[in-house]
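Data block below; observations after.
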Amino acid sequence: MTDLKNSGSCCSTDGSCHSGAAADAQGGAITTVYKVSGMTCGHCEGAVSQEISALDGVTAVAAVAKTGEVTVTSAAPLDEEAVRAAVDEAGYELVGTA
């Protein structure tokens with residue numbers, strides 16, 4: 001699985017995706033999947049990814065409009081209200097974790 005910061009996709013080169021919240025095997029990073037409503041296209045994915053990427057500790061973001069899921073990798077658990085504010089700033093609504 002390859003997460004690229006601001007890539008707009010959580011899919012790896014083989015087309016597989018992951019979901020759920022779990023500790024990443026590399027360096028103890030935390031991966032959390034959030035549900036976001038209102039995303040419909042690549043522009044939406046980019047806007048959400050850009051805002052969440054600006055949060056302290058975030059190392060990767062992959063948004064998928066089709067599923068409404070945003071996978072965030074960070075050095076430590078993120079404050080959900082900070083994620084909510086970032087998603088709101090992008091013009092979308094954080095529903096919660098997937």
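These values consider heavy atoms only, across backbone and side chains, with no hydrogens, waters or symmetry-generated copies. Nothing here was measured: the structure is a model prediction, and the numbers come from that model.
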Closest heavy-atom pair, Ala86 versus Glu51, reported as atoms and distance to 0.1 Å, is O-CB, 3.3 Å

Hits for side-chain contact (heavy atoms from CB on, under 4.5 Å) against Thr67, two or more places apart or cross-chain, chain-then-number order -> Val64, Glu69

Working for side-chain contact (heavy atoms from CB on, under 4.5 Å), residues Leu94 and Val83: CA-CA 8 Å; Leu94 178 67; Val83 176; 4.2 Å; yes

Interatomic distance, OG@Ser74 vs CG@Asp56, rounded to 0.5 Å, equals 11.0 Å

The side-chain contact (heavy atoms from CB on, under 4.5 Å) partners of Ala47 (sequence neighbours excluded) come to Ala90, Tyr92

Applying side-chain contact (heavy atoms from CB on, under 4.5 Å) to Ala75 and not counting sequence neighbours gives none

The residue among Ile30, Leu78, Thr31 that forms side-chain contact (heavy atoms from CB on, under 4.5 Å) with Val72 is Leu78

Residues pairing under salt bridge (charged side-chain N to carboxylate O under 4.0 Å, His left out) where one sits in residues 84-98, two or more places apart or in two chains, turn out to be Glu80-Arg84, Glu81-Arg84

Exercise. Using a 4.5 Å cut-off on heavy atoms from C-beta on, say whether the side chain of Val87 contacts that of Ile52.
Key: yes

Query raised in the report: Are any side-chain N or O atoms of Thr73 and backbone N or O atoms of Thr59, one a donor and one an acceptor, separated by less than 3.5 Å?
Result: no

request  = Could you walk me through whether Val70 and Val33 pass side-chain contact (heavy atoms from CB on, under 4.5 Å), step by step?
outcome  = CA-CA 6 Å; Val70 180; Val33 179; over 6 Å; no

Here the pair of heavy atoms bringing Ala65 nearest to Glu45 is N-OE2, 2.8 Å

